[in-house]
Amino acid sequence: MPTPAPARSDPRTAIIVAVCVVYVVANWIPFGSTVLYPLTLFTTWVHEMGHGLTALLLGGDFHQLEIFANASGFARFSVETDTQAGLVAAGGLLAPPILGSAIVAFVHGPRRARVLLGALAGALALSIALYVRSVTGIVAMSLVAAFLAWATWRGLAPTRRVLLAQVLGVLLGLDTLTRMVHYVFTESVVVDGKRSASDIRKVADGLGGSYVLWGLAITALAIGMLAAAIWWAWRRRPAT
């Protein structure tokens, strides 16, 4: 018998369906925000891991990561200079749109979707072992990791893996423009009951300039990356 052709997925369809799913669940489904809550905490994890990994890339240390029930988070790290601290702050803000745009641009076939979901499940598990230290973070990220592992190996048909990957990409790509849009123009925030300088304030303090201008720059960069990712995916042929 001939070998069945591998499932193929149209990137345009996947992106459109993912956007519609996110919009409908968030705005029209009762308790939609509750349904998306684990994925909201996942975007927080990406944000905080962005801080920690940037610190490691700059030669610093990444000590631990905390995620709280209100979807805020905190990465404990150490670096040597104010400039490095500013870059680490920017790394957290840019991590969700960078990862989200990469998913939208390149993960539009079942094989790539499976690799991505498996890699994310592994990264979550490793981060829980090494860095995550809050109860909410451990419980929520363990559940997300288990779900992604299930989706990777047994739980979803190939084309549905693509849809799940694109939903993650859309959520991450839009994070700076939706949930975080106010945050990138705020000087201070309250995390776990304690007020501290916001990431964008830390960017300005470390790299110089106005936090408002940095907020505009990071927002524009997030929009540009997502637009480029959609353009790139739109011109691709269906992938396996």
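All figures in this text were calculated on a predicted structure; none of them were measured in a lab.
- In this structure a side-chain-to-backbone donor-acceptor pair under 3.5 Å is present from Arg114 to Thr152.
- Side-chain heavy atoms closer than 4.5 Å link hydrophobic residues (I, L, V, M, F, W, Y) into clusters, and following such links, possibly through other members, connects Trp150 to Leu164.
- Remark: Ile138 CD1 to Glu66 CD distance equals 10.0 Å, nearest 0.5 Å.
- Across Phe77 and Ala55, no two heavy atoms sit closer than the pair CB-CB, 3.9 Å.
- Side chain of His51 to main chain of Ala75: no donor-acceptor pair is present (N/O by atom type, distance under 3.5 Å, no hydrogens or angles).
- Of all non-hydrogen atoms in Ser210 and Ala204, the two that sit nearest each other are C-CB, 4.1 Å.
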| side chain to side chain contact (heavy atoms under 4.5 Å, CB included) between Val162 and Val107, intermediate numbers included | CA-CA 7 Å; Val162 177; Val107 185; over 6 Å; no
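- The backbone N or O of Phe106 sits less than 3.5 Å from a side-chain atom of Arg112, completing a donor-acceptor pair.
- A side-chain donor-acceptor contact under 3.5 Å links Ser188 and Arg195.
- Outside the 6.0 Å centre-distance limit, the rings of Tyr211 and Trp214 are not counted as a close aromatic pair.
- Put simply, the side chain of Thr54 never gets that close to the backbone of Val88: no donor and acceptor are under 3.5 Å apart.
- Rounding to the nearest 0.5 Å places CE of Met49 at 9.5 Å from CD1 of Ile67.
- Residues Val135 and Phe68 do not share a hydrophobic cluster, defined by chaining ILVMFWY side chains whose heavy atoms lie under 4.5 Å apart.
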Which pairs would a plain distance check flag for residues 89-98, meaning a side-chain donor or acceptor within less than 3.5 Å of a matching protein atom at least two apart in sequence or in another chain?
none

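- For Ala121 against Ala149, the heavy-atom pair with the smallest separation is CB-N, 3.8 Å.
- Using modelled atom types, no side-chain atom of Asp61 and backbone atom of His63 make a donor-acceptor pair closer than 3.5 Å.
- To the nearest 0.5 Å, atoms CG (Leu226) and CG (Leu174) are separated by 5.5 Å.
- Interatomic distance, CG of Leu148 versus CG of Leu168, reported as 6.5 Å (0.5 Å rounding).
- With values rounded to the nearest 0.5 angstrom, Leu117 atom CG is found 10.5 Å from Trp153 atom CH2.
- Side chain of Thr44 to backbone of Gly73: no donor-acceptor contact under 3.5 angstrom is found.
- Leu143 and Leu171 sit in two unconnected hydrophobic clusters of ILVMFWY residues. Membership requires side-chain heavy atoms under 4.5 Å apart, directly or through other members.
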| Hey, mind stepping through Trp45 and Leu65 against side chain to side chain contact (heavy atoms under 4.5 Å, CB included) and telling me if it holds? | CA-CA 8 Å; Trp45 174 82; Leu65 183 160; 4.2 Å; yes
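- No chain of hydrophobic side-chain contacts below 4.5 Å, direct or via other Ile, Leu, Val, Met, Phe, Trp or Tyr residues, connects Val139 to Leu124.
- Nearest heavy-atom pair across Ile103 and Ala165 is CG2-O, 3.1 Å.
- In terms of heavy atoms, Ser101 sits closest to Ala229 at O-CB, 3.1 Å.
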| said: One pair to check against side chain to side chain contact (heavy atoms under 4.5 Å, CB included): Ser72 and Val189. What are the steps and the verdict? | reply: CA-CA 10 Å; Ser72 64; Val189 294; over 6 Å; no
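- With hydrogens and angles ignored, the 3.5 Å screen pairs no side-chain donor or acceptor of Gln64 with any backbone N or O of Ser134.
- Put simply, Leu126 and Tyr131 are part of the same group of oily side chains (I, L, V, M, F, W, Y) that touch within less than 4.5 Å, one to the next.
- A donor-acceptor pair under 3.5 Å is formed between the side chain of Gln84 and the backbone N or O of Thr81.
- By the 6.0 Å contact criterion, CZ on Arg160 is open, its count of non-hydrogen atoms from other residues, nucleotides or ligands being 12 or less.
- Side-chain contact between Thr219 and Phe185: present, with at least one pair of heavy atoms (C-beta onward) separated by less than 4.5 Å.
- How far OG of Ser127 is from CD of Glu48: 11.5 Å, rounded to the nearest 0.5 Å.
- Judged by distance alone, the side chain of Arg201 and the main-chain N or O of Thr186 form no donor-acceptor pair under 3.5 Å.
- Between the side chain of Ser198 and the main chain of Glu187, a donor-acceptor pair closer than 3.5 Å is present.
- Closest approach of Ala71 and Thr40 over heavy atoms only: CB-CG2, 3.9 Å.
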